[in-house]
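Take a look at the structure set out below.
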2 protein chains.
Amino acid sequence: MGDFAKDINSKFENNRIKAMLNILYTANYITSYQNDFFKTYGLSPQQYNILRILRGAKEPIKVQTIKERMVERAPNLTRLTDKLCDKKLINRIAFPEDRRVVLIEITKSGLALLDKIKPNNPSHNLIDKLTEEEAGRLSDLLDKMR
Amino acid sequence: MGDFAKDINSKFENNRIKAMLNILYTANYITSYQNDFFKTYGLSPQQYNILRILRGAKEPIKVQTIKERMVERAPNLTRLTDKLCDKKLINRIAFPEDRRVVLIEITKSGLALLDKIKPNNPSHNLIDKLTEEEAGRLSDLLDKMR
DNA sequence: AGGAATTAGTTTCCGTGTAACATATATTAT
DNA sequence: ATAATATATGTTACACGGAAACTAATTCCT
């Protein structure tokens, strides 16, 4: 993929600006990669994330609980769960004890889809080019920056 | 802003996964900051970027040229320029020599808006917490990762 | 000159963040 | 205890942005 500066065809005032643009560029690179991957299964990364959480839960859980467990915050789970319902990958269950609450469970076909995806999951090979130690330093620098 | 791992309330398999999530998280942090800033002027970061390119050009330029000079790739400039036209910040000009081409120029009020924004532009103080040398290392690690 | 390939820009589709909203439950004051 | 208020939960409505399909104009090739 070569050098970043050449890719976006621009010059930088200094390393700090360059680093910031590079973060945005790299994040976009990662999400594009993930989008393409999950699209082959008819999912978005967020939808995949929800399915994994539901499988992990092993029982119907509240929408609110899903929200708490998601890596990226997803402000409208309604829409995401709508899509998963349409595809019969999850079910909604009413919760009489608190009628505001909606429980969600994963269906058989949801579990089957996860099984199909598992072997190729890209999260792991996306960043093979860094050593563990380098990855640690990268993360530390990002933490410091904020 | 404290430690990233705590913020998203999750555990990491290893530093590489952690670094990847941290990149996405940090990029989101940056864009949220920028969105909020430019929103006070009724712009998106991309719209601001276009105005700056037009000011720099000092003459009407092709949409295609704008696209090449943008930091982030913007697949549909039509929509962005629509918005800027609505706000009278730019003008579209037909180009008889090649009727596929549309030229864009910045208006007086576009230039005036840029002048208002300039003093507070956040790109500079967003990343003051890193030294030049650290920023350089960060950028190198990101390059290596891709 | 005529058809294929390329280029420029537009339109359309979809996913997502934000904010306003509706409903249900919890809390507080009297 | 009950009415008024506050909080929690999920939904709906709106705007933005990336990707891809599409249209029109130009260039290339023979």
Side-chain angles (χ1 to χ4, degrees), chain A residues 8 24-25 27-51 60-87 89-90 92-104, chain B residues 24-25 27-50 60-87 90-104:
Chain A
I8 68 165
L24 298 177
Y25 181 86
N28 191 51
Y29 172 82
I30 294 169
T31 55
S32 296
Y33 189 101
Q34 287 182 335
N35 281 332
D36 289 349
F37 173 78
F38 287 114
K39 182 178 275 186
T40 64
Y41 298 97
L43 295 176
S44 72
Q46 287 190 340
Q47 288 173 5
Y48 169 74
N49 196 210
I50 291 174
L51 290 181
I61 57 176
K62 298 184 200 177
V63 169
Q64 186 60 25
T65 308
I66 297 175
K67 191 179 275 186
E68 288 161 6
R69 294 188 188 169
M70 286 188 77
V71 180
E72 331 125 64
R73 291 181 179 80
N76 43 3
L77 281 232
T78 303
R79 190 170 37 201
L80 286 167
T81 52
D82 278 351
K83 298 294 170 55
L84 292 169
C85 271
D86 291 350
K87 295 175 213 156
L89 301 173
I90 64 172
R92 279 187 231 254
I93 307 169
F95 184 63
E97 291 99 277
D98 182 340
R99 284 159 54 206
R100 293 170 302 185
V101 169
V102 176
L103 296 179
I104 310 281
Chain B
L24 298 177
Y25 182 86
N28 192 49
Y29 172 81
I30 294 169
T31 55
S32 296
Y33 189 101
Q34 288 181 335
N35 281 333
D36 289 349
F37 173 78
F38 288 113
K39 183 179 275 186
T40 63
Y41 298 96
L43 295 176
S44 72
Q46 288 190 340
Q47 289 172 5
Y48 169 74
N49 196 210
I50 291 174
I61 58 175
K62 297 185 198 176
V63 169
Q64 186 60 26
T65 308
I66 297 175
K67 191 179 276 184
E68 287 160 6
R69 295 189 187 168
M70 286 190 76
V71 179
E72 332 123 64
R73 289 183 177 80
N76 43 5
L77 281 231
T78 303
R79 189 170 39 202
L80 287 167
T81 52
D82 278 351
K83 298 293 170 57
L84 293 169
C85 273
D86 291 350
K87 296 176 211 152
I90 64 172
N91 290 322
R92 280 187 230 253
I93 306 170
F95 184 64
E97 290 99 280
D98 182 341
R99 284 158 56 207
R100 293 171 303 183
V101 168
V102 176
L103 296 179
I104 310 279

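Basis for what follows: all heavy atoms, side chains included, without hydrogens, waters or symmetry-related copies. These figures come from a predicted structure and were not determined experimentally. Just so we're on the same page: letters track the sequence lines, and every chain starts at 1.
- Distances were taken from every side-chain heavy atom of B:N76 (C-beta onward) to each of C:dT11, C:dG9, D:dT9; the shortest belongs to C:dT11.
- Here the nucleotide nearest the side chain of A:P75, chosen from D:dG18, C:dG17, D:dC16, is C:dG17.
- At the phosphate of C:dT11, neither OP1 nor OP2 sits under 4.0 Å from any side-chain N or O atom of B:T78.
- The minimum heavy-atom distance between B:K87 and B:L43, with the atom names listed, is NZ-CD2, 4.0 Å.
- Among the nucleotides C:dG15, C:dT25, D:dG18, the one closest to any side-chain atom of A:K83 is C:dG15.
- Side chain of A:R92, nearest nucleotide from C:dA8, D:dG10, D:dT11: D:dT11.
- For the OP1/OP2 pair of C:dT16 and a distance below 4.0 Å, the side-chain nitrogens and oxygens of A:S44 include at least one atom meeting the criterion.
- Among the nucleotides D:dA24, D:dT7, C:dT12, the one closest to the side chain of B:R100 is D:dA24.
- With DNA chain C read from its 5' end, the first of the two nearest nucleotides for B:N28 and A:E97 is the one closest to B:N28.
- Here the side chain of B:N76 pairs no donor or acceptor atom with the backbone of B:T78 at under 3.5 angstrom.
- In terms of polar N and O atoms assigned as donor or acceptor, the side chain of A:R79 comes within less than 3.5 Å of the base of C:dT16 in a complementary pairing.
- Between B:R99 and D:dA25 there is a side-chain N or O to OP1 or OP2 distance below 4.0 Å.
- In this model, the phosphate group of D:dG17 is not approached by any side-chain N or O of B:Q47 to a distance below 4.0 Å at OP1 or OP2.
- When each of C:dG9, D:dG17, D:dA19 is scored by its nearest atom to the side-chain atoms of B:K62, the top-ranked nucleotide is C:dG9.
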